[in-house]
Amino acid sequence: MAMSFGFLIEEGSPVIWRGLMVMQALEKLMRQVYWDDIDYLIVDTPPGTGDTHLTLIQNLPINGVVLVTTPQKAALEVTKRGAKMYKKLNIPIIGLVENMSTVICPSCSTNIKVFGSDTEKLVKDINIEILESFPLNESTAEACDKVYKCKAAHVQIDFSINSLRKMSDNRILNATKMNGIEGKTPFLIGVAGGTASGKSTVCKRIMEKLGQVEVDSKQRQVVCISQDSFYRELTPSEIARAEKGQFNFDHPDAFNDTLIKDTLTDILAGKMVQIPIYDYRHHSLKKDEVLTIYPADVVLFEGILVFYFPEVRKLFHMKLFVDTDSDTRLARRVPRDIIERGRDLDQVLNQYMNFVKPAFEEFCSPTKKFADVIIPRGADNHVAIDLIVQHIREILTNRPTRNSEERALAASKLLNASPCQSPSKRGLVGNDGVFKRPH
Ligand SMILES: Nc1ncnc2c1ncn2[C@@H]1O[C@H](COP(=O)(O)OP(=O)(O)O)[C@@H](O)[C@H]1O
Ligand SMILES: O=c1ccn([C@@H]2O[C@H](COP(=O)(O)O)[C@@H](O)[C@H]2O)c(=O)[nH]1
């Protein structure tokens with residue numbers, strides 16, 4: 001498949017765009033083209049180190065970059081600058097393709113180096129290899145000029161397939177690394193807060209803004225898991241008490257914290273996991289039903305006591321606390337429990353006064369101090385959510401360079417920063433749709 005903005009404009013008409021429009025066009029090409037189930041996505045970029053390259057790096061999981069240059073000094077200079085930029089941003093360079101390396105004399109077949117041999121010096125300097133060298137060839141030039149839409153494409157495809165074959169021997173294309181990041185170790189975000197504070201809604205908004213809701217569960221870059229899946233099995237007498245609203249579901253003992261720790265540890269190891277599904281109406285885990293969580297880049301784990309257990313708490317790379325006032329939470333919980341969880345009003349209020357409120361004060365509220373970022377008003381706090389989404393996008397491109405403390409610091413800096421960002425940053429926030437993970 002091939003797609004270009006050139007296909008969408010009238011033949012011969014110029015494209016007169018400012019940088020921001022180029023970036024919008026790129027967004028459309030990345031997210032609004034039906035790419036089907038492709039093995040490789042090759043993006044042909046302009047030379048240099050401009051907004052186009054940065055937009056791509058910030059928005060796509062990139063296995064690696066192929067540099068293409070002619071051997072002229074000016075072209076090599078631009079290529080060198082590009083190579084340095086990719087290295088700085090941790091994008092692996094697969095290698096370099098040299099075009100017009102030589103000219104073959106049609107009468108005596110002598111191979112003439114018209115532009116010198118500085119390409120070899122460049123690849124040595126930046127420590128990469130030359131993947132292919134193509135002579136300036138009459139038939140290629142002719143194909144490009146005359147029948148570029150079919151024959152040149154044919155030449156290009158031959159070249160690409162040969163190079164891809166070579167590259168597939170190359171460990172960069174086979175690696176799980178994206179933008180130089182180990183793709184299978186997710187960034188784990190804990191989301192705590194009182195009952196009905198809006199934890200699930202905040203996670204949902206984050207997923208929506210990252211375009212993850214519509215994505216098939218196997219392909220999601222960001223997934224969300226609820227701590228409620230880890231309520232422990234109750235004994236028959238505990239179930240009887242629960243049915244009368246007399247069981248304390250807000251106490252840490254109600255959870256299987258060992259299973260939480262083991263599951264999150266497996267997730268961090270890049271494994272696929274299966275988690276139980278909780279049935280609030282029957283206060284029990286659904287029999288013979290589990291939810292499969294496929295490896296993702298970012299995992300959100302939300303629940304009232306996700307920061308309570310020290311062994312679990314230390315697994316998070318970033319901790320968010322949704323801080324919504326108690327009256328609002330109670331006003332939300334009452335209809336939710338009656339409509340969605342099959343309770344009656346008395347039961348909800350008794351449970352709230354006897355267990356939910358005291359347990360919140362004793363076990364949940366004190367964990368706010370562990371949070372890196374506190375989100376007042378939950379999902380209504382669009383600024384905080386946009387900043388978190390922006391931070392997650394940065395994580396997707398910058399993971400290897402940061403440890404957990406630096407990330408937390410970056411997150412809090414981000415939330416203290418002015419929401420006014422550079423146009424390119426502003427363009428990133430709120431963009432729907434994220435590319436499929438190629439592994
Ligand atoms: N900002 C909000 N405005 C109005 N209703 C909300 C808001 N956030 C959450 N809710 C509603 O409150 C209830 C509890 O929200 P939820 O996100 O499930 O909280 P939690 O996951 O913290 O228990 C849900 O019915 C949800 O639709
Ligand atoms: O069987 C159950 C299990 C849990 N609860 C209540 O649920 C909340 C936690 O879920 P949130 O979505 O964070 O509100 C907790 O306060 C428990 O009291 C329940 O009532 N019955």
Side-chain angles (χ1 to χ4, degrees), residues 189-209 213 224-257 260 276-286 300-308 320-365 367-368 371 374-386 388:
I189 304 177
V191 184
T195 180
S197 55
K199 302 179 292 296
S200 327
T201 311
V202 164
C203 293
K204 194 165 160 244
R205 292 279 175 281
I206 293 174
M207 303 269 297
E208 282 166 1
K209 282 183 182 278
V213 179
C224 181
I225 301 172
S226 168
Q227 188 188 22
D228 294 356
S229 290
F230 298 90
Y231 271 117
R232 67 171 172 80
E233 289 285 8
L234 300 188
T235 62
S237 71
E238 285 174 328
I239 292 200
R241 275 168 44 213
E243 275 164 3
K244 289 186 237 152
Q246 289 168 5
F247 183 84
N248 192 348
F249 285 103
D250 295 73
H251 192 283
D253 287 349
F255 291 95
N256 184 344
D257 56 313
I260 299 178
I277 301 174
Y278 192 72
D279 177 354
Y280 296 95
R281 288 179 185 263
H282 300 100
H283 315 284
S284 61
L285 301 169
K286 289 194 177 170
L300 297 154
F301 186 61
E302 65 85 13
I304 50 174
L305 295 178
V306 297
F307 303 153
Y308 180 82
L320 312 177
F321 191 97
V322 181
D323 198 11
T324 304
D325 89 25
S326 307
D327 295 348
T328 308
R329 292 193 293 103
L330 178 59
R332 286 179 188 165
R333 177 159 168 143
V334 172
R336 181 194 69 183
D337 281 8
I338 293 172
I339 297 162
E340 292 171 27
R341 299 188 180 178
R343 313 285 156 77
D344 65 45
L345 184 61
D346 272 359
Q347 197 183 349
V348 178
L349 293 178
N350 282 335
Q351 187 189 352
Y352 190 85
M353 292 315 290
N354 293 331
F355 302 116
V356 181
K357 185 176 157 61
F360 171 76
E361 274 148 25
E362 187 174 352
F363 305 114
C364 176
S365 183
T367 66
K368 201 198 297 187
I374 294 168
I375 309 173
R377 306 180 306 285
D380 289 341
N381 195 330
H382 302 285
V383 173
I385 289 175
D386 279 351
I388 290 162

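Hydrogens, waters and symmetry mates play no part in the numbers below; they use all other heavy atoms, side chains included. Counting convention: from 1, in listed order, for ligands and their atoms alike. Since the model is a prediction, treat every value here as computed from it, not as a measurement.
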### Task
Identify, for atom 13 (O) of ligand 2, the protein heavy atom at the shortest distance, and state residue, atom and that distance.
Lys199 NZ, 2.8 Å

#### Entry: Which residue and heavy atom of the protein sit nearest atom 16 (P) of ligand 1, plus the separation
Thr201 OG1, 3.5 Å

### Query
Quick one: which ligand 2 atoms are inside 4.0 Å of a heavy atom on Ile304?
13 (O), 15 (C)

### Message
Test your reading of the structure: does Ser200 have an N or O sitting under 3.5 Å from an N or O of ligand 2?
### Response
no

### Option nearest atom 10 (N) of ligand 1 (shortest heavy-atom distance, choices Arg329, Arg333, Glu340, Arg332)
Arg332

#### Entry: Any protein heavy atom nearer than 4.0 Å to atom 2 (C) of ligand 1
yes

#### Entry: Which of the ligand 2 atoms, numbered from 1, are nearer than 4.0 Å to a heavy atom of Arg333
6 (C), 8 (C), 15 (C), 16 (O), 17 (C), 18 (O), 20 (O)

### Task
If you have a sec, work out which protein heavy atom is nearest atom 4 (C) of ligand 2 and how many Å separate them, to one decimal?
Tyr231 OH, 3.3 Å

### Per-atom contacts of ligand 2 with His283, taking only distances under 4.0 Å to non-hydrogen atoms
1 (O), 2 (C), 21 (N)

#### Entry: atom 14 (O) of ligand 2 - nearest protein heavy atom and its distance
Thr195 OG1, 2.6 Å

### Task
Can you figure out which of Asp337, Asp250, Val356 has its heavy atom closest to atom 15 (C) of ligand 2?
Asp250

## Note on the structure
A student checking ligand 2 against Ala196 at a 4.0 Å heavy-atom cut-off should list atoms 14 (O)

### Query
How many angstroms lie between atom CD of Gln347 and atom CD of Gln351, to the nearest 0.5 angstrom?
7.0 Å

### Query
Quick one: is the NZ or CZ of Arg241 closer than 6.0 Å to the six-membered ring centre of Phe247, and within 45° of its axis?
no

### Task
Evaluate the side-chain proximity of Ile225 to Phe230: yes if any heavy-atom separation is below 4.5 Å, no if none is.
yes

### Arg336, any N or O under 3.5 Å of ligand 1 N or O
yes

### Message
Looking at Arg336 and Val334, would you say the former's side chain and the latter's main chain have a donor-acceptor pair under 3.5 Å?
### Response
no

## Note on the structure
If we number the atoms of ligand 1 from 1 as shown, the ones under 4.0 Å from a heavy atom of Ser197 are 19 (O), 22 (O)

### Query
Taking only heavy atoms of Ala196, which atoms of ligand 1 are found under 4.0 Å from at least one of them?
14 (C), 19 (O), 20 (P), 22 (O), 23 (O)

### For atom 21 (O) of ligand 1, the protein heavy atom that lies nearest, with its residue and separation
Ser200 OG, 2.4 Å

### Query
Looking only at protein heavy atoms, which one is nearest to atom 5 (N) of ligand 2, and how far off is it?
Phe249 CB, 3.9 Å

#### Entry: Tyr278 near ligand 2 by a heavy-atom separation under 4.0 Å
yes

### Task
Check whether any side-chain heavy atom of Thr324 sits under 4.5 Å from a side-chain heavy atom of Arg332, and report yes or no.
yes

#### Entry: Atom pair CD1/CG of Ile304 and Asp250 - distance to nearest 0.5 Å
4.0 Å

### Task
Could you list which atoms of ligand 2 come closer than 4.0 Å to a heavy atom of Arg341?
6 (C), 7 (O), 8 (C), 10 (O), 12 (O)

### Task
To the nearest 0.5 Å, tell me how far Phe301 CZ sits from Gln227 CD.
5.0 Å

#### Entry: Top protein contact for atom 12 (O) of ligand 2, by heavy-atom distance
Arg336 NH1, 3.2 Å

### Message
Yes or no: does Ala242 have any heavy atom under 4.0 Å from an atom of ligand 2?
### Response
no

### Message
Under 4.0 Å from a heavy atom of Gln351: which atoms of ligand 2 are those, numbered in the order shown and with their elements?
### Response
18 (O), 19 (C), 20 (O)

### Query
For ligand 2, which atoms sit closer than 4.0 Å to a heavy atom of Asp228?
9 (C), 10 (O), 12 (O)

### Summary
So the atoms of ligand 1 within less than 4.0 Å of a heavy atom of Gly194 turn out to be 22 (O)

